[in-house]
Every structure is written in C-alpha cells, then in structure tokens.
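Worksheet: one structure, shown below.
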Amino acid sequence: MKIAVLPGDGIGPEIVAQAAKVLEALRSEGLPIEMEYAHIGGAGYDTAGDPFPVATETLVQACDAVLLGAVGGYQYDTLPRPLRPEQGLLRIRKILNLFANLRPALVYPELVSSSSLKPELVSDLDIMILRELTGDIYFGQPRGIRTLDNGERQGFDTMHYSESEIRRVAHVGFQIAMKRSFKLCSVDKANVLDTSMLWREIVTDVAREYPEVVLSHMYVDNAAMQLVRAPKQFDVILTGNIFGDILSDEASMLTGSIGMLPSASLDANNKGLYEPCHGSAPDIAGMDIANPLATILSVAMMMRYTFAQEALALRIETAVRRVLQQGLRTTDIFEAGMQQIGCEAMGDAVVKSL
Ligand code: IPM
Ligand code: MG
C-alpha cells in the first residue's frame, strides 16, 4: 500500500498528521503501508516555486493512493493564476485522471443538532454526490480575459463535456447506485445549456444498461433548492464538475459540519486521491483546533475504494463514531455538555478507539 502524503497548507499538516497516526496504527498491526511525503499547493510554491512540483508528480504517479490535506492561504492570493495553490489541486486531478469524485453527505446521529436544518429534515441523511472532476468549464479552452473592439474587457470560459467523459462517470454513478438504494438523480441545466443536453442524453442512454436503477433528472437550480427543502429525497446525485462543486458544499452543511466530510477522487482503476471536503482554513492554522475527522474518514474511503479493504474502512468509521459517542468534540462541532478537545487529542482518541 504505497501512499503519497501531501499535507499542503493551512490546517493541512495538522489534520494529515492525525490521519497518518491512524495509518501508522494499522501498519503496526502488520498492514504493508508505506508513506512518503511531498509538497503541494502553497507549500509546493514555497519550496519549489510550483504548486505541483515535479518531485510531487513523480511520487504520486508511483503510488497507489494519495492522502491530501488542503491547499491555499492568504499570502498566495495575489500570485498569477498558474502559481496559485488551487492549480496544484486541479493539476493533480487532471494528471492522475481522477474523474470520479465521491463526496458523501452523511449525518451522524450524534451531530444532528449541529445542522442548520431542522433535525427531522436531516436525521439519517445519507447522500452520495458523484461529481465529475476532470472536465467541464474548469478545464475548457479557450478561456481568458480579452479586450473587445470597443476597448471593454471581457472574461470568458468554455464549458464542454465529451460523450466519453459523460459516459464513464455515468457508469460509476450507476454502479454506486447499485450498491445503495438503486436511485440515481442526474443534475444538469439542460433547459439552458447544450453541454447539459448532451449530458442528459448520454446518462439516459447509459441507464439502459442498469434497468434496476431508477434514474431521475433535475435542473441544478431546483436541486439546490430541494437539498435544503427535503434532502432525504436524494440518494446518489450524479453531476458535472462545477455544479458538483457548488452542490457538495451545500450538502456538506446539511450534516452540521464540513469538518466531518471526506472525499475520494478515483481514476478508472480505483487509484485515488483522498482529501477532506473542507479547505485549508488559514485563520485557524497551527492552533490545534481543526477537526481531523474528515481526513481520518478519508483514510477509511482509501481503504474501501483503492485497497478494497471494506472491513478496515468500517473499523475506522466505527472508531470515529465511538469517539463522537464518548462526547469528544472539536470546536466546530462542539455543543454544551460535550467535551471540547483539540486536533491532536482527537487524532489520539480515534487511534485509541481503533
Ligand atoms: C473543491 C474546491 C476546489 C474546486 C478548489 C479549491 C479548486 O472548491 O475541491 O471543491 O473548485 O474543485
Ligand atoms: Mg469546492
């Protein structure tokens, strides 16, 4: 199990250190885990002048899985776009062909009251968002800022999806639905966008290979509304890169804290990059108050998807559940009556519970 560890920026190093403790605990039990560290994002820029340094690229190509913290920081906000931390993330996704991004939105019974929605709307909520991750307006050319004949500047980007890009992610969506409740909702903007018209046509076509799955389609604006009106109507949501970016942030907040949500980004062979859904939170970096659970739960996803170790994945997830049941909370999920602890203590508690 060769794992590249890329802590990144902000709280990245702290939360990744806790997830690494979990991996070390498993290694000490005899699991053949090898971890090697490299820089990405602002840390890549600071050490090598590039948010995705060559050494990092070489390492991740040679590994089975990547564990990533987060990228970004105020000090990089004024850099030209190619040098910004986010570019490191976009490049690693593209280079490793990680087209299938799984973002679960799962409400833990212990945290129901942290949600901004009424408990009855979110209790037992369990949604899987499958976001296409290597296409769409994120990567479309041409793009830029040009000057028009009248001297005015104009920004432009290009949204496109090829049939094969839609087809392969749709297959992943149906396969996930087959392992859950046989329900798939494809989200698009087919009433306005040609890209979405093709998306809908291809998803409908792929559906014929999965007759057991009930496919529905929803416009993205309606989906955004339904997610806060009646989120439990959803099981698996399949959508493109930019809609998935937005809807997954929205869905994450239904669960109470974005600090709880892991993610997996997979290629066609289940090589994967695992990272928390949240960002680098530079305002709390180094204060030992970040929530490491999303990163630890990302390790569980790594065991499940890349290494096909379902039992280990469940064990890590159960360890996290037990820690919550014990009343241990980082500040983002703290409530009266619970015991507030820091990032390191949370990592130690999970390892102990494991
Ligand atoms: C995410 C983030 C990234 C994205 C940014 C940091 C480039 O928002 O992973 O959702 O837009 O994909
Ligand atoms: Mg996002």
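Just so it is clear, the values below take in all heavy atoms, side chains as well, and ignore hydrogens, waters and symmetry mates. Counting convention: from 1, in listed order, for ligands and their atoms alike. This is a predicted model, so every value here is computed, not measured.
Relative to the six-membered ring of Phe243, Lys189 misses at least one condition, a distance below 6.0 Å or an angle of at most 45° to the axis. For the pair Arg143 and Phe156, the cation-pi test (distance below 6.0 Å, angle within 45°) is failed. Annotation: cation-pi geometry satisfied between Arg131 and Tyr138 (NZ/CZ under 6.0 angstrom from ring centroid, within 45° of ring axis).
With salt bridges taken as basic N to acidic carboxylate O contacts below 4.0 Å, one links Arg315 and Glu29. Salt-bridge formation is detected for the pair Glu163/Arg167: a Lys NZ or Arg NE/NH1/NH2 atom is positioned less than 4.0 Å from an Asp or Glu carboxylate oxygen. Salt bridge status for Asp348 with Lys21: present, with a side-chain N to carboxylate O gap under 4.0 Å.
Listed by atom number, the atoms of ligand 1 under 4.0 Å from Arg131 heavy atoms are 1 (C), 4 (C), 9 (O), 10 (O), 11 (O), 12 (O).
Within Asp245, the N, O or S atom lying nearest to the Mg ion (ligand 2) carries the name OD1.
When only interatomic distances are considered, the shortest N/O to N/O separation between Asp249 and ligand 1 does not fall below 3.5 Å.
Here the protein heavy atom with the shortest distance to atom 2 (C) of ligand 1 is Asp245 OD1, 4.0 Å. For atom 4 (C) of ligand 1, the closest heavy atom belonging to the protein is Tyr138 OH, 3.4 Å.
Compare Arg93, Glu86, Gln87 by their heavy atoms: the one nearest to atom 12 (O) of ligand 1 is in Arg93.
Only the side chain of Arg103 comes within 4.0 Å of ligand 1, counting heavy atoms alone; its backbone N, CA, C and O stay farther away.
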